[in-house]
Amino acid sequence: MTKPITITVGVLALQGGVVEHLNLLRKAASHVQSSPPESTADNLQFTFTEVRTAPQLAQCDALIIPGGESTTMAIVARRLGLLDPLREFVKVQHKPVWGTCAGLVMLAEQAAATKQGGQELIGGLGVKVLRNRYGTQMQSFVAGLDLGFLGPGQEPFRAVFIRAPVVEAVIGEDGAAGSGVEGGKGAPVEVLGVYYRGEGQQQQEAGTGKGDIVAVRQGNVFGTSFHPELTDDVRIHVWWLRQVVDSLRHGKLVVNGA
Ligand SMILES: NC(=O)CC[C@H](N)C(=O)O
């Protein structure tokens with residue numbers, strides 16, 4: 001029998017929607033284990049854990065940065081000495097990371113200043129984000145998104161937007177550290193989700209209309225403006241865990257226990 005592969009996935013637990021991600025990750029894991037990526041059958045294990053310290057981060061093969069308030073998250077991370085280890089995790093070790101909402105802001109290379117002085121970011125995604133694109137908490141909304149990366153013929157994903165950022169501009173490979181496992185030249189920035197505000201489904205399908213970029217990936221770094229963890233729809237978590245497994249198997253990364 002082959003040795004089990006245990007993948008440790010952390011959720012940064014300084015502030016924000018931590019428990020919700022952990023719950024959905026656990027559900028997603030059982031989906032991934034019941035139809036595992038090829039060659040990991042029977043021996044794929046996941047451990048999910050909260051991350052508050054650099055040693056806890058070092059145990060992780062992949063990380064989720066949840067929604068919340070990115071300014072607060074950055075201040076707390078700085079105080080705990082976590083900002084540099086997080087940058088190392090994302091930009092030097094190129095481990096898979098997913099940021100939701102405030103997490104997307106943290107992973108952007110640039111954020112359009114909404115306050116004087118700006119804020120500290122982790123970076124890794126070659127994009128510039130615009131914070132609070134749709135206004136205040138009161139203007140929160142749910143919208144059906146067609147997310148092609150989930151596969152053909154999928155139902156729209158009911159995306160929850162709460163003081164959500166959007167990707168205002170793709171800076172590209174040069175703006176970020178690059179996310180290819182090999183290092184060096186960065187991976188391209190891929191737009192994986194667009195929200196067409198007040199526009200019809202037909203325009204979405206035709207790819208017309210301007211729309212806001214609300215899901216983006218560059219190599220191992222993935223970001224969404226919205227909060228899949230606040231729904232019981234497990235599809236994006238399942239997709240991401242599969243990406244994590246693939247990346248760890250095909251990249252030159254060390255997997256705990258492998
Ligand atoms: N729901 C959220 O995560 C809101 C993000 C928040 N507006 C920020 O900029 O950090």
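Counting convention: from 1, in listed order, for ligands and their atoms alike. Quick caveat, the model's predicted, so the values are computed rather than measured.
For ligand 1, none of its N or O atoms has an N or O atom of Gly67 under 3.5 Å away.
Residue Arg163 touches ligand 1 through backbone and side chain together, judged by heavy-atom distances below 4.0 Å.
In this structure, atom 2 (C) of ligand 1 lies nearest to the protein heavy atom Cys101 SG, 2.7 Å. Taking atom 9 (O) of ligand 1 as the reference point, the nearest protein heavy-atom neighbour is Arg131 NE, 2.6 Å. Scanning the protein for heavy atoms near atom 7 (N) of ligand 1, the closest one is Asn132 OD1, 2.6 Å.
With sequence neighbours excluded, the residues that form a ring-ring contact (aromatic ring centres under 6.0 Å, His included) with Phe161 are Tyr134, Phe141, Tyr195, Phe226.
A heavy-atom separation below 4.0 Å is found between Gly68 and ligand 1.
Going from atom OG1 of Thr72 over to atom CG of Leu14 covers 10.5 Å, rounded to the nearest 0.5 Å.
Using modelled atom types, no side-chain atom of Glu168 and backbone atom of Val129 make a donor-acceptor pair closer than 3.5 Å.
Side-chain contact check for Thr49 and Gln56: no donor-acceptor pair (N or O, by modelled atom type) lies under 3.5 Å.
Near Ile162, meaning under 4.0 Å from one of its heavy atoms, ligand 1 places the atoms 1 (N), 2 (C), 4 (C).
The 12-atom threshold is not exceeded at CD of Glu155, counting heavy atoms of other residues, nucleotides or ligands nearer than 6.0 Å.
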